[in-house]
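These figures come from a predicted structure and were not determined experimentally. Atoms within each ligand, like the ligands themselves, are counted from 1 in listed order.
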Amino acid sequence: MPKYDETFLKELLSSFPDWFKNEEEFSEARLEKKYYPYTQLFSPIQINGIKVKNRIVMGPMGNISMAEEMGRPANKMIQYFTERAKGGVGLITSGLIPISQNIDPTVTELGDRSYFPRIDRSRTVFAGWRDLAENVHAFGAHFFIQLTPGLGRVGSPESLLKKYKFPVSASWNPNFYLPTVPCRPLTDSECKKIIKAAGQASADAKAALIDGIYLHGHEGYLLEQMTNPAFNRRKMGRYADWQAFGLDLVREIRKRVGPRYPIMYRIDLSLALNATYGDRMNTVSTLKKFKNERTIAMTLEYMGNLVKAGVDMFDVDLGSYDNWWLPHPPNSMPSGCFLPVSRLVKQYFKENNILSNAGFPVPVVAVGKLGYPDLAEKALRDESCDMVMLARPLLADAHWPNKAFAGRVSEIRPCIGDQEACINEFVEGGHPQCAVNPRTGFEDVYAADLPPVERAKQIAIVGAGPAGVIAATIAAKRGHKVTLFEKQDRIGGMLVPGSQPKIKYEVANYLKYLENQVEKCIQDGNLTLKLGREINPAELKQLSFDAIITCTGGSPVHPKITGLDLPHVVQAVDLLRNPELATTAENVVVVGGGAVGCETAHYLATEMGKKVTVIEMLDAFMIGLCTANRSHMIHDLEKMGVPLMNYTRLKSVQPGTVTVDQNVSSTVPTPYNTWTPLLPENIENPLAKPVKQQVEEKVLKADLVVLALGLRPNTSLYESCMQENAAPQVIQIGDSFQIRRVFEAVKAGYGLGRSI
Ligand SMILES: Cc1cc2nc3c(=O)[nH]c(=O)nc-3n(C[C@H](O)[C@H](O)[C@H](O)COP(=O)(O)O)c2cc1C
Ligand code: SF4
């Protein structure tokens with residue numbers, strides 16, 4: 001019997017940190033086809049008045065900056081969705097579309113400009129939605145619009161500085177980004193206006209040929225702030241009842257759209273803040289307020305009431321902004337992480353005979369790292385869910401459904417869970433893209449078919465990291481004759497050490513995908529791969545290429561610090577390539593708390609059983625990474641007892657120890673803060689407290705010292721080729737041009753491969 005109480009959460013969350021030790025579960029996270037043909041995945045399903053052709057739902061992903069300034073979906077957005085419809089998905093959902101302009105000051109910018117698409121403005125925006133819906137319908141897919149009452153406390157606190165308006169919430173709640181900024185409670189009259197606006201937006205959506213309404217009730221956004229006692233601590237008025245806002249909202253929408261129009265609701269089974277933070281819920285001032293979160297039993301009861309009010313279907317996840325790695329599970333989370341959640345809800349609906357108003361069992365959609373056809377099919381077969389939602393997997397490969405249906409599973413380009421180009425891109429001010437799929441968000445710019453070459457060039461590409469491999473395979477597919485040189489015995493560059501930790505299984509899958517792509521181009525006759533071959537400028541010149549592309553990567557930084565030349569000092573990338581370097585060590589100090597340092601520390605602690613400490617001279621760890629990825633890693637390292645020392649500088653290394661200087665002032669922020677995000681570099685925090693200096697020298701035990709201090713570009717091959725005029729065209733991309741991420745490397749490789 002499932003447990004409908006909080007022990008379920010504790011058990012689920014405690015299974016996450018070392019889930020990969022379960023070989024059977026781990027084997028599901030592969031692009032294989034044990035269960036092919038996927039009969040369940042490709043069977044239709046009735047949702048109130050519509051029949052969806054298969055069980056695949058494209059998850060909502062904010063269409064930030066994909067609409068014109070006044071909110072009309074732009075061609076970029078229309079082509080992005082059209083491509084996913086073409087790729088075979090049955091039901092597409094938009095990203096969040098606010099309907100509380102003029103009430104929630106964070107959903108628009110100064111001058112009423114909007115980075116979200118809008119539907120609240122009648123004719124000015126309708127044409128975009130109509131074109132979008134019609135394009136999607138042309139491929140037999142349905143389209144739901146995700147309406148959100150607003151962002152509330154998770155909106156930008158800049159509304160206070162720029163518009164002199166407090167962000168809003170259900171009660172006085174701290175803003176997520178700057179907890180010192182309070183969010184004021186909405187009045188009942190404002191709540192009613194939002195509900196009216198949602199009804200109007202729904203009627204407009206129906207008129208604009210959109211097939212259903214999808215409500216954004218999860219992750220601690222404004223709808224959840226109103227419908228979860230963690231955030232809604234109102235004492236008076238209609239909405240002091242934490243269910244009332246959601247139920248009124250659904251009733252109003254149902255009234256406006258009629259009985260057969262689908263309404264879907266996105267909910268988290270629990271914020272899971274108590275299960276995540278335990279005692280911290282009593283000590284951290286931001287979290288203290290949220291202790292009284294909706295329990296599982298309360299959520300299930302609320303879901304039953306939502307059905308009575310008019311909801312036809314749910315998708316269910318866990319978590320909120322304050323433990324962001326749950327609703328946005330990063331690479332370090334297990335595949336299919338929320339299947340137990342949808343299974344529990346489905347079981348509850350069955351036991352309680354909960355049927356929709358149209359008389360159907362209420363479908364439950366599972367979400368969270370389900371981008372493996374075997375896993376998705378199995379989840380449907382074992383009745384863990386009725387549909388599977390794929391968000392990032394469809395950014396990585398819009399044609400996932402068609403490839404799964406046809407059994408071309410090894411051709412699916414896997415998501416690597418880095419969230420660099422999808423979520424992080426809009427935190428930085430961009431629109432959704434994808435690190436491994438350079439066409440995502442550029443379907444309006446790059447045609448699907450590669451332009452064939454007029455004259456085949458002989459091209460040398462030196463370095464088979466992601467930039468080199470993508471440039472080589474794209475150029476070869478267009479008809480160029482490409483020779484790819486790699487000095488290692490395997491392609492992949494930094495992806496090879498980067499995929500060594502088991503939590504980086506998605507990178508290992510991507511590496512396999514790249515190997516398949518290279519193999520295919522070799523078989524097609526346009527690519528020659530020379531592994532284990534270091535080539536020099538003179539040889540390149542002698543081979544008379546039309547173009548040379550250097551992608552020679554970067555080399556680890558090795559600062560001048562006493563003792564760094566001792567034999568027990570190794571580079572993180574070397575250790576990940578040769579884990580036996582750590583075999584005899586007991587105490588390890590990792591120097592550098594960026595992504596590589598922290599992932600290496602996690603690997604050493606979980607897979608090699610070492611006692612690890614990470615030191616970082618800056619204020620925080622993993623700066624620049626997506627908040628979800630960063631905070632999950634920090635949370636897990638803390639749970640494993642890996643000390644993280646910020647404001648700590650390496651002074652010297654001796655046999656068996658390292659000496660460091662640490663700022664021990666009480667003003668130094670805790671490195672374990674995972675409930676408040678780091679602000680992007682270009683945003684100044686006017687309320688930041690200064691950090692005082694109180695430096696203490698410390699000696700740490702270390703029989704292995706691992707350096708993770710970053711890379712510097714290897715530019716020498718490029719420079720020599722230029723000096724020696726080794727070919728008419730010499731171009732440098734990837735880390736040898738600028739040390740960046742997979743995202744930039746792939747983008748450069750694709751752009752160049754497409755145009756050379
Ligand atoms: C770029 C991006 C934007 C997202 N925006 C939304 C959103 O607008 N509304 C929403 O409910 N969830 C949003 N999510 C969460 C996803 O819908 C989904 O729940 C999450 O990515 C886990 O599913 P996946 O593993 O299939 O990606 C977003 C996720 C990503 C990656
Ligand atoms: S950017 Fe990364 S996480 Fe996001 S969809 Fe692409 S591969 Fe997945």
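Listed by number with element, the atoms of ligand 1 under 4.0 angstrom from any heavy atom of H216 are 9 (N), 10 (C), 11 (O). Every atom of ligand 2 with a heavy atom of G417 under 4.0 Å away is listed here by number and element: 3 (S), 8 (Fe). Those atoms of ligand 1 that come under 4.0 Å of a heavy atom in Q146, given as number and element, are 7 (C), 8 (O), 9 (N), 10 (C), 11 (O). Distances below 4.0 Å separate heavy atoms of L390 from the following atoms of ligand 1: 26 (O). Per-residue contacts place L395 under 4.0 angstrom from the following atoms of ligand 2 (heavy atoms of the residue considered): 5 (S).
Remark: aromatic rings of Y505 and W19 are close, center separation under 6.0 Å. Separation of the Y446 and Y750 ring centroids falls under the 6.0 Å cut-off.
Atom 8 (Fe) of ligand 2 lies at 2.8 Å or more from every N, O or S atom belonging to C434. For a distance bound of 2.8 Å, the N, O or S atoms of C422 include one lying that close to atom 4 (Fe) of ligand 2.
Considering only non-hydrogen atoms, atom 22 (C) of ligand 1 lies nearest to P329 out of P60, P329, G59, A628. Among R266, E219, H431, E425, the residue whose heavy atom lies nearest to atom 12 (N) of ligand 1 is R266.
Nearest protein heavy-atom neighbour of atom 23 (O) of ligand 1: V367 CG2, 3.5 Å. Distance from atom 3 (S) of ligand 2 to its nearest protein heavy atom, with residue and atom name: Q419 N, 3.1 Å. Atom 8 (Fe) of ligand 2 has C415 SG, 2.4 Å as its closest protein atom, hydrogens excluded (heavy atom only).
Residue contacts with ligand 2, taken as heavy atom pairs separated by less than 4.0 Å, involve D418 via backbone and side-chain atoms alike.
Here the side chain of Q433 pairs no donor or acceptor atom with the backbone of G441 at under 3.5 angstrom.
Atom CZ of F405 has 12 or fewer heavy atoms from other residues, nucleotides or ligands within 6.0 Å. Within 6.0 Å of NZ in K53 there are more than 12 heavy atoms belonging to other residues, nucleotides or ligands.
Remark: T276 OG1 to D322 CG distance equals 9.5 Å, nearest 0.5 Å.
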